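Here's the structure we're looking at; comments come further down.
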Amino acid sequence: LNYLINITIVNDTTEACGSWDTEIYFNQPVTLVDSRNCNCTVEGCCVRIASTEHNAGLGIGGTYTMAGCILASEKNLTLCQ
């Protein structure tokens, strides 16, 4: 099974940022198939999505919506908290 993951990054702080990253945890291990507009790594059930040189800077209240990845899994995935 393949899953398309699209993310939106919002800078809701009081300062501009020079980079961003987030981690998403699933109920089972996944494999990275492809990514777009981000540096994406997978370790077991954890997917780490980080900025690239061209989209790292976000001003106060800034939003970036063009990052994502395709993941593969043998079974249905669910998000873990």
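On a predicted model such as this, the values are computed, not experimentally measured, just so you know.
- For the atom pair Met66 CE and Thr8 OG1, the distance stands at 10.0 Å (nearest 0.5 Å).
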Mind running side chain to side chain contact (heavy atoms under 4.5 Å, CB included) on Tyr25 and Leu79 for me, showing each step along the way? CA-CA 6 Å; Tyr25 292 88; Leu79 292 172; over 6 Å; no
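- Looking at Asn39, its side chain does come within 3.5 Å of a backbone N or O of Ser51 through a donor-acceptor pair.
- One finds the CD1 atom of Ile24 at 4.0 Å from the CD1 atom of Ile49 (value rounded to the nearest 0.5 Å).
- Taken to the nearest 0.5 Å, the CD1 atom of Ile7 stands 6.0 Å off from the SG atom of Cys38.
- Between the Gln28 side chain and the Ser73 main chain, no donor and acceptor come within less than 3.5 Å of each other.
- Residues Val33 and Leu1 do not share a hydrophobic cluster, defined by chaining ILVMFWY side chains whose heavy atoms lie under 4.5 Å apart.
- Nearest heavy-atom pair across Asp34 and Leu32 is O-CD1, 3.4 Å.
- Atom OG1 of Thr41 is separated from atom CG of Asp21 by 9.5 Å, given to the nearest 0.5 angstrom.
- Taking OG from Ser35 and CG from Leu71, the interatomic distance works out to 9.5 Å, rounded to the nearest 0.5 Å.
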Working for side chain to side chain contact (heavy atoms under 4.5 Å, CB included), residues Asn27 and Leu77: CA-CA 6 Å; Asn27 63 322; Leu77 288 179; 3.8 Å; yes
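- Taking each heavy atom of Asn11 and Cys17 in turn, the nearest pair found is ND2-N, 3.7 Å.
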Criterion side chain to side chain contact (heavy atoms under 4.5 Å, CB included) on Thr52 and Arg36, from CA distance to verdict: CA-CA 10 Å; Thr52 63; Arg36 64 179 172 84; over 6 Å; no
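- Exactly one residue among Asn76, Val30, Ile70 makes a side chain to side chain contact (heavy atoms under 4.5 Å, CB included) with Tyr3. That residue is Asn76.
- Atom CG of residue Asn2 and atom OG1 of residue Thr31 lie 9.5 Å apart, to the nearest 0.5 angstrom.
- Classification of the Trp20-Tyr64 ring pair by plane angle, with boundaries at 30° and 60°, yields tilted.
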